[in-house]
Amino acid sequence: MAEAESVLLTVRAKYKPSMKEAGLEGVLMLTPRFAKWTPNNPGAATPLSIDFKTIKKHFNTKEESKKALMKLMTDVDPKKPGFMFEFNSFDDRNKANPIVGSIIARHQPPVGPSSSGAAASAGPTAPSQTSKPSGAGRASSQLENVSQAEIEQRMAVLAKDADLRKLHEQLVGTGILTDAEFWSTRKGLLEKEAAKQSDQKTGLSSQMLTALKPVVDGRTNKVSFNLTPQIIHQIFQERPLVLQRYMENVPDKLSEAEFWTRYCKAEYLHSQRRAGAQAAVADMDEEAEAMFRDDDAGPSREEQTKIRGVDPTLNMAADQADDYYQSTSGYGLLRDGGKEAGPSRESAKKRKIAHDINRHAAVVLDGRPAGEDIKDPAAAAAAVNAARAAAQLAGSRAENGDPAREQRWHEKLQEATDMPDLHPQPQAPAVPLRIEDPRRYFDVSTGGPASTSAGGPQTDGALWAAMREQAGAVRTEGLGGVLPPAKAFQVLSEVQQQIQVSVASAGKKAGQDLLKQLPASVKDDVFQSAATAHEMLRHFWGAYPITSATLLNKANRLKDAMAGLYERMQRTKEGIPSEYREPVSQLFKPVFQMLDAAFAHYESEEELRKARQQRAAANRPAGVNGTAQAAAG
Amino acid sequence: MAQGTVPSRTDDVSLMVITLEINPYIWDKHGMGAAFSIQAMVEQMIIFVNSYLLLHHQNQVAIITAGTEGCAYIFDSAASKQGPSNAQPAATNGSANGVSEEGERGIGSILASRIQRVVSEAEQKWKDGGSGGEPNRTTYLSGALSMALCYVQRCLRGPKPQPQPRMLCIHGSPDAPQQYIATMNAMFSAQKLQVPIDVCMIGGQDSAFLQQAAHLTGGLYQKPPRPEALLQYLLMVPAMDLHSRQFLLAPRPAGVDFRASCFCHKKTIDLGFVCSVCLSIFCQFSRECSTCGAVYTMARPTPAAGAKRKEPEA
């Protein structure tokens with residue numbers, strides 16, 4: 001049985017018995033029922049076969065984290081041990097994730113208020129499921145046909161719609177319907193969901209990278225920094241000095257890791273200095289800090305070219321008095337210079353902050369190169385350098401008045417502001433309503449009242465005249481005798497009787513909304529039962545006419561499930577407090593009628609089928625001879 | 001009913017919009033019998049409207065006639081109270097010059113004269129258009145309902161507190177399937193506006209349209225066995241204001257006829273075929289929808305040949 005199961009995914013993954021260990025190399029196979037892991041070195045560990053029924057939950061590490069981990073939990077509590085797998089890449093992990101998710105979801109018992117009901121219905125249906133080995137096999141083969149994108153869409157649809165999720169749990173979770181059958185009637189929902197998913201670009205955040213926040217674990221004296229390629233890219237952009245040092249040192253003088261360790265040390269030292277804890281950092285690596293110390297060497301070459309490019313007619317007197325880097329009380333203010341104090345340590349700090357902010361603003365305004373996908377620091381460095389070179393080029397072109405630039409800028413703007421989720425929703429495929437000839441319905445004169453009184457001797461003209469005459473005879477005074485008291489009394493007793501009859505037949509609450517009388521829990525139960533019944537009936541009738549064993553199987557399965565539901569609804573009806581029994585039974589009535597109709601149809605079809613089989617059995621001798629002759633021939 | 005919970009409406013002041021059917025084919029002696037004529041109906045309505053207006057000094061009433069030649073506003077109690085300056089009803093349909101008389105005359109004489117005018121105008125219209133083929137014999141029920149809803153809508157946009165609106169249909173002719181869709185749309189609008197439609201069916205047959213209207217909007221449907229005592233029925237049932245209806249027992253019909261009429265032969269059917277594209281209803285199966293032209297493709301069940309049916313999701 002286990003071997004017969006189809007393999008949904010095979011992927012290399014390390015099994016990690018605990019978080020600390022490096023993990024054992026091996027191969028992970030996912031089937032609809034098991035997750036199997038086999039070590040590459042057969043002696044290193046025993047192969048694992050994890051039944052998905054025992055798995056309650058699975059966890060993944062985030063994309064930004066170092067390792068692509070997945071943990072299968074046998075318990076909902078995340079602190080309990082589970083099975084930890086490390087994938088070679090996030091791509092591998094992302095392939096496995098939706099499959100594991102959907103399998104676990106299928107094996108989950110239904111949750112919520114309907115759980116007791118579902119458990120009861122599982123009684124009659126579960127044995128029939130296990131007795132048919134083809135059931136699981138078929139389900140798995142169908143599961144295989146489904147693309148991952150579709151699985152994700154299904155999950156997304158279920159996550160959004162609680163009612164649908166309940167229905168899914170009740171029908172698919174208990175094995176009454178397969179996943180494919182359930183979704184085949186809801187293609188529209190999936191298409192809508194698919195239309196929503198698009199690779200919309202996220203805009204650039206203008207947030208400033210203030211400082212790397214170290215993570216202190218509290219137990220040891222260790223301080224750890226978390227650097228992702230994205231953060232590194234941002235560092236390179238905002239701190240040209242770091243980029244410069246990186247280009248100088250990596251990979252010739254320092255390895256990648258050494259460089260970033262040194263950077264982090266410098267950052268930490270700096271932050272501690274800022275916090276005023278001088279003593280604590282006394283033993284820290286001064287060398288590391290020195291490497292990243294901004295020695296304020298004045299405007300860089302790049303900046304000098306910019307300064308040179310300023311309009312020559314601009315009066316730069318103020319700027320010359322306090323140069324771009326050494327200004328203490330504000331750039332661009334014209335001063336006499338006499339009152340100024342020399343640059344102090346405090347002012348240097350202030351200047352650094354101002355400088356950082358300016359630099360950040362420049363980075364934000366430059367924007368991030370479009371379509372970037374930065375995987376490692378080297379790529380980040382290259383991207384920043386390329387962007388800078390492009391900016392310089394663009395700047396020089398702009399001086400030359402490049403007309404194509406504006407064009408490109410507009411194109412880029414258009415591209416960047418194109419929001420796919422604001423596009424008009426694609427219409428569900430439908431035959432457009434085209435009323436060919438509304439007159440065929442609306443204008444056919446089928447006699448109104450005239451047809452009933454057409455036999456009368458009077459012509460239309462006479463009728464009009466009679467009505468006019470009567471209307472003209474309306475008295476406006478002395479209307480006392482319009483209604484004789486005897487007649488009024490007759491009507492009074494008549495209406496009274498009518499009310500009594502309706503009270504006797506339908507109770508005092510007749511005519512009021514049945515659902516409004518019910519408490520929320522009972523109402524939910526009624527809705528849930530009705531929704532389940534409707535879904536089952538839709539599939540039941542969809543199975544007819546029965547032309548294959550699969551459809552027969554489905555009809556039988558659904559009939560059993562409907563019988564279970566019928567009993568459950570009967571029990572519900574009897575179980576609820578007596579004051580609500582009347583409205584509930586009225587609400588259930590149409591559902592019972594629909595189910596009865598389905599059972600009647602099933603039985604008549606069953607009889608027909610038996611009769612046909614008997615007829616076929618009676619005809620068989622001839623057929624057997626025929627085949628025997630054919631074989632002989 | 002549900003209207004009782006809307007705080008911006010007062011619970012004891014009502015606005016009643018009455019539609020009266022003025023159709024010569026139901027008011028002839030064969031349709032209704034000699035005992036009940038349009039004369040008796042109008043006289044009883046005069047008493048009913050007067051008693052209704054006496055129930056509360058702020059009660060309002062508007063009357064619309066529905067006939068074969070069109071519908072008309074014939075009476076608006078708000079207009080007479082506000083004085084002649086803005087007394088013009090929204091659509092007066094030729095009867096506007098009578099409005100200013102209301103200050104001096106009683107409601108009865110106004111109603112009587114208006115109805116006389118509407119009837120003679122309708123007769124004239126019928127004579128003018130009589131030469132062109134088959135005359136229309138069905139009452140514009142959908143038109144009257146729409147006009148009533150417009151009136152209600154206008155009041156609901158007026159100053160608060162607003163009266164509780166409701167509608168009363170005095171109707172006699174059987175359903176006109178031509179107006180099925182328009183009538184249903186009017187009902188759904190009334191349902192959305194929370195305006196109950198009370199129905200007093202004075203004709204010989206039950207009206208499925210109006211039964212459904214009363215059911216949908218939470219109104220009361222009545223088919224008095226003695227239409228000549230209309231006044232008594234009206235005073236006992238539709239005169240109840242919406243607030244009181246929460247505490248009083250009203251006669252309820254045993255069942256509502258939810259059947260639709262088919263589009264092909266205009267028969268009332270309880271089981272039929274529905275076009276999956278335009279929802280037209282047919283009593284017979286056809287391969288093509290006659291309303292929207294959709295062509296149906298059917299899976300051919302041929303179990304004898306053992307032809308494989310397409311697996312769902314295959």
Side-chain angles (χ1 to χ4, degrees), chain A residues 142 145 180-181 183-184 430-431 433-438 440-450 452-453 456 458 460 463-468 470-477 479 482-483 487-488 490-492 494-495 498-499 502-503 505-506 508 510-511 542 545-548 550-551, chain B residues 23-28 30-31 37-40 42-44 46-47 106 108-109 112 115-116 119-120 123 126 134-135 137-139 173-174 176-178 204 224-226 228-229 231-233 236-237 249-252 254 263 266 277-278 290-294 301 303 307-309 311-313:
Chain A
Q142 279 175 351
N145 286 334
E181 281 167 354
W183 289 108
S184 66
V431 183
L433 176 59
R434 181 169 46 91
I435 306 286
E436 282 194 332
D437 185 9
R440 275 192 68 167
Y441 179 68
F442 298 111
D443 287 1
V444 178
S445 181
T446 52
T452 56
S453 62
Q458 284 167 307
D460 288 356
L463 288 175
W464 278 104
M467 185 165 85
R468 178 166 38 88
Q470 282 186 356
V474 170
R475 293 164 293 167
T476 54
E477 276 167 34
L479 292 175
V482 161
L483 192 64
K487 216 158 222 175
Q490 268 183 341
V491 171
L492 189 70
E494 228 173 63
V495 173
Q498 204 185 339
I499 291 172
S502 66
V503 166
S505 66
K508 284 197 178 178
I546 289 175
T547 50
S548 69
T550 323
L551 286 172
Chain B
N23 182 339
Y25 304 98
I26 62 156
W27 290 114
D28 77 325
H30 294 269
S37 63
I38 186 165
Q39 179 198 350
V42 174
E43 284 171 357
Q44 296 192 7
I46 290 169
I47 300 176
S109 57
I115 283 183
Q116 280 155 21
V119 168
S120 51
E123 191 184 0
W126 172 79
E134 184 91 353
R137 290 178 166 183
T138 53
T139 304
S173 61
Q178 301 89 303
R226 302 163 206 277
E228 65 274 13
L231 176 62
Q232 184 63 32
Y233 291 105
M236 284 183 74
V237 183
L249 284 171
R252 300 263 170 194
F263 283 34
K266 321 290 180 215
V277 178
C278 66
S290 64
T291 312
C292 69
K308 265 204 177 167
R309 208 180 103 135
E311 278 275 337
E313 205 45 38

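Values in this document were obtained by computation on a predicted structure and should not be read as measured data. In what follows, chains carry the letters A, B, and so on, assigned in the order in which the sequence lines appear, proteins first and then strands, with residues in each chain numbered from 1.
Judged purely by atom type and a 3.5 angstrom limit, Glu43(B) uses its side chain to pair as donor or acceptor with the backbone of Arg475(A). The backbone N or O of Pro251(B) sits nowhere less than 3.5 Å from a side-chain atom of Gln498(A) that would complete a donor-acceptor pair.
Residues Ala473(A) and Gln39(B) come closest through the heavy atom pair O-NE2, 3.2 Å. Considering all non-hydrogen atoms of both residues, Ala250(B) and Ile499(A) come closest at C-CG1, 4.0 Å. Counting all heavy atoms, side chain and backbone alike, Asn23(B) lies closest to Met467(A) at C-SD, 3.8 Å. Counting all heavy atoms, side chain and backbone alike, Ala471(A) lies closest to Gln116(B) at O-NE2, 2.9 Å.
In terms of the salt bridge (charged side-chain N to carboxylate O under 4.0 Å, His left out) criterion, residue partners of Glu494(A) (sequence neighbours excluded) are, by chain and number, Arg226(B). Here Glu123(B) pairs with Arg468(A) under the side chain to side chain donor-acceptor pair (under 3.5 Å) rule; sequence neighbours left out.
Proximity to chain A (any heavy atom under 4.5 Å) is restricted, for Ile46(B), to the side chain, taken from C-beta onward.
Atom CE of Met236(B) is separated from atom CG of Leu492(A) by 4.5 Å, given to the nearest 0.5 angstrom.
Put simply, of Leu231(B), Val42(B), Val119(B), the one with the most heavy-atom pairs under 4.5 Å next to chain A is Val119(B).
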